[in-house]
Amino acid sequence: MSKSKTLGYKGPYSYQKQKEREPRSCIRFKCALTNTIMDVLRQRPGWMEVKDEGEWDFYWCDVSWLRENFDHIYMDEHVRICHFRNHYEVARSQGRGIFLFRKLKDIMDWRKDGGRSDDQKEEIQVENYVAQRYIENPYLIGGRKFDLRVYVLVTSYLPLRAWLYRDGFARFSNTRFTLASIGDHYIHLTNVAVQKTAPDYDPEKGCKWMIQQLRQYLTAKHGPEMVEKLFQEMDNIFIKSLQSVQKVIINDKHCFELYGYDILIDQDLKPWLLEVNASPSLTASSQEDYRLKCRLLEDVLHIVDMEVRLTGKEKRVGGFDLMWNEGPVSREDSHLDMPGNGNFVANTHLGCINDRKKQLKQLYAQKKV
């Protein structure tokens with residue numbers, strides 16, 4: 001339940017301080033979005049939607065609400081929201097605001113006028129931009145560029161606790177790759193929001209592969225050892241990037257964050273981090289995409305565990321595998337192990353079979369025993 005800090009509320013739910021995380025028969029939720037997450041929340045057994053100023057236990061909020069309200073409300077122990085309190089984003093989404101240049105001079109010319117009128121220059125506020133080197137040798141399939149969208153769930157920064165989802169997808173460009181035309185977004189940007197506006201885009205065919213399909217393709221072409229090395233290097237990217245902001249993000253037990261990682265693979269099978277989305281798109285572009293995002297969000301809610309059905313010792317919940325818990329997590333049944341041990345195998349299964357329904361059934365059956 002959330003309440004304004006200024007009210008000094010000491011009502012019937014104040015016992016939550018003493019009895020933290022007790023099972024609840026009804027979970028009251030609010031949701032600022034109207035896409036897949038709303039469908040998942042409404043279909044979850046025992047969850048009830050509240051609107052406007054109604055009191056809630058779980059809030060899938062937007063960033064504007066977070067910045068305006070987080071520091072001004074009191075939240076009971078059991079309450080959860082979907083962002084950390086100093087959540088921030090540097091760039092725009094869906095390929096907007098991305099420009100390609102060949103020379104520094106071109107950047108200076110763009111900075112001076114950017115193709116905008118004088119009136120527009122006065123209206124537009126100063127914006128932040130990130131400069132990145134363009135990867136000129138992307139791995140191509142069918143002559144087309146692609147990148148990966150991978151999901152990582154963080155439930156704590158102090159200590160760091162991160163889960164990697166087994167499913168994800170590769171997003172392909174609709175046009176064959178060439179460096180001859182750097183202004184053609186249909187060649188260089190793989191965002192679905194960009195590609196679906198291409199004149200020859202086929203909505204039935206789409207422009208995505210499931211990540212399992214991509215892993216099988218790469219394994220058939222390069223062998224399992226090279227592909228395993230590639231995916232291990234991606235694991236390293238996920239952890240190093242989270243560790244780089246671990247001392248910056250304000251940790252709070254009420255908060256969790258679902259990140260969407262964009263990874264590019266080059267011709268040498270080296271992965272490159274393009275960006276980390278703190279508010280990844282949850283809008284589905286196809287029925288397959290809708291099913292993937294429903295599974296993903298259902299499993300996020302399983303881990304957030306408002307129903308208090310988990311012990312806290314699980315290494316896998318649905319399609320999520322615990323990859324970091326104050327240190328690397330071993331795939332074996334033993335306790336945490338260090339990579340220095342020659343037998344260490346990280347508990348990551350990106351692109352592997354996701355038998356989540358079977359796993360969840362077994363998991364919750366064990367809790368009843």
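Values reported hereafter were calculated over all heavy atoms of this structure, with side chains retained and with hydrogens, waters and symmetry mates removed.
Although no hydrogens or angles enter the test, the distance criterion places no donor-acceptor pair under 3.5 Å between the side chain of D321 and the main chain of R316. For N347 (side chain) and K315 (main-chain N/O), a donor-acceptor pair under 3.5 Å exists by modelled atom type. Between the side chain of K30 and the main chain of D52, a donor-acceptor pair closer than 3.5 Å is present. Between the R161 side chain and the L153 main chain, no donor and acceptor come within less than 3.5 Å of each other. Side-chain atoms of N354 do not come within 3.5 Å of backbone N or O of R166 as any donor-acceptor pair.
Between D268 and D266, the closest side-chain pair of non-hydrogen atoms falls below 4.5 Å. In this structure the side chain of D167 reaches within 4.5 angstrom of the side chain of M210, judged on heavy atoms. The side-chain heavy atoms of Q212 and I353, taken from C-beta on, include no pair separated by under 4.5 Å. Within the 4.5 Å cutoff, no side-chain heavy atoms of D355 are placed close to those of K361. Residues F70 and C255 meet the side-chain proximity criterion, which asks for heavy atoms closer than 4.5 Å. Between I141 and L214, some side-chain heavy-atom pair lies under the 4.5 Å cut-off. The side-chain heavy atoms of L140 and K145, taken from C-beta on, include a pair separated by under 4.5 Å. The closest side-chain heavy-atom distance from F256 to I303 is not below 4.5 Å.
Rounded to the nearest 0.5 Å, atoms CG (N137) and CD1 (I265) are 12.0 Å apart. Atom CH2 in W56 sits 5.5 Å away from atom CE in M75 (nearest 0.5 Å). To the nearest 0.5 Å, atoms CG (L296) and CG (L282) are separated by 7.5 Å. Here CG of L41 is found 11.5 Å from CD1 of I27. Values are rounded to the nearest 0.5 Å. To the nearest 0.5 Å, the span separating OG1 on T348 from CG on D235 amounts to 3.5 Å. Separating the OG1 atom in T219 from the CD atom in Q216 is a distance of 7.5 Å, to the nearest 0.5 Å.
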Next on the checklist: side-chain contact (heavy atoms from CB on, under 4.5 Å), that's the test. Do R44 and E307 meet it? Break it down for me.
Outcome noted: CA-CA 11 Å; R44 195 163 180 86; E307 298 89 347; 3.1 Å; yes
Next on the checklist: Set out, in order, the CA-CA distance, both residues' side-chain angles and the distance that settles side-chain contact (heavy atoms from CB on, under 4.5 Å) for E314 and L322, then state yes or no.
Outcome noted: CA-CA 8 Å; E314 292 81 4; L322 183 62; over 6 Å; no
Next on the checklist: As a quick check of understanding, evaluate side-chain contact (heavy atoms from CB on, under 4.5 Å) for H254 and R85, giving each step before the final call.
Outcome noted: CA-CA 10 Å; H254 300 101; R85 62 192 302 176; over 6 Å; no
Next on the checklist: Quick one, L160 with N325, criterion side-chain contact (heavy atoms from CB on, under 4.5 Å). Give me CA distance, side-chain angles, the key distance, then yes/no.
Outcome noted: CA-CA 6 Å; L160 181 60; N325 188 17; over 6 Å; no
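Qualifying side chain to side chain donor-acceptor pair (under 3.5 Å) partners for N251, counting only residues two or more places apart in sequence or in other chains: none. Residues passing the side-chain contact (heavy atoms from CB on, under 4.5 Å) test with I237, sequence neighbours excluded: I263, P271, L273. Remark: R356 engages E298, D299 in a salt bridge (Lys or Arg N to Asp or Glu O under 4.0 Å) (not counting sequence neighbours). Residues meeting the salt bridge (Lys or Arg N to Asp or Glu O under 4.0 Å) test with D62, sequence neighbours left out: none. Residues satisfying the salt bridge (Lys or Arg N to Asp or Glu O under 4.0 Å) criterion with D262, sequence neighbours excluded, are R149, R171. The salt bridge (Lys or Arg N to Asp or Glu O under 4.0 Å) test applied to D289 returns K208, K293, not counting sequence neighbours. Remark: E49 pairs with F29, M38, R42, K51 by the side-chain contact (heavy atoms from CB on, under 4.5 Å) rule, at least two apart or across chains. Residues passing the side-chain contact (heavy atoms from CB on, under 4.5 Å) test with E257 are H83, F84, H87, Y259, A278, sequence neighbours excluded.
Counted by atom type alone, H302 and Y364 present one or more donor-acceptor pairs between their side chains at under 3.5 Å. Counted by atom type alone, D76 and H78 present zero donor-acceptor pairs between their side chains at under 3.5 Å.
Aromatic pair Y217/W209: ring centres closer than 6.0 Å.
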If you look only at distance, which donor and acceptor atoms sit under 3.5 Å apart when one is on a side chain in residues 221-232 and the other is two or more places apart or in another chain?
unit_1, atom_1, unit_2, atom_2, d
H222, NE2, Y139, OH, 2.7
E228, OE1, R215, NH2, 2.8
K229, NZ, E233, OE2, 2.6

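Taking both residues in full, the closest heavy atoms of T36 and C294 are given as CG2-SG, 3.5 Å, listed atom of the first, atom of the second, then distance. Between P159 and E326, the shortest heavy-atom contact is CB-CG, 3.0 Å. Minimum interatomic distance between A170 and L148 (heavy atoms only, all atoms of both residues): CB-CD2, 3.8 Å. Residues L242 and A162 approach most closely at CD1-CB, 3.8 Å, considering heavy atoms. Minimum heavy-atom separation, Y151 to P280: CE2-CB, 4.2 Å.
If you chain together ILVMFWY residues whose side-chain heavy atoms come under 4.5 Å of each other, Y290 ends up in a group of its own. Connectivity analysis of hydrophobic side chains (ILVMFWY, heavy atoms under 4.5 Å, direct or indirect) links I250 to nothing; its cluster partners are none. Under the 4.5 angstrom side-chain criterion for Ile, Leu, Val, Met, Phe, Trp and Tyr, the cluster partners of I135 are L264, W272, L274.
Screening Y261, W163, W324, Y165 against F238 for a ring-ring contact (aromatic ring centres under 6.0 Å, His included) leaves a single residue, Y261.
No chain of hydrophobic side-chain contacts below 4.5 Å, direct or via other Ile, Leu, Val, Met, Phe, Trp or Tyr residues, connects L158 to I249.
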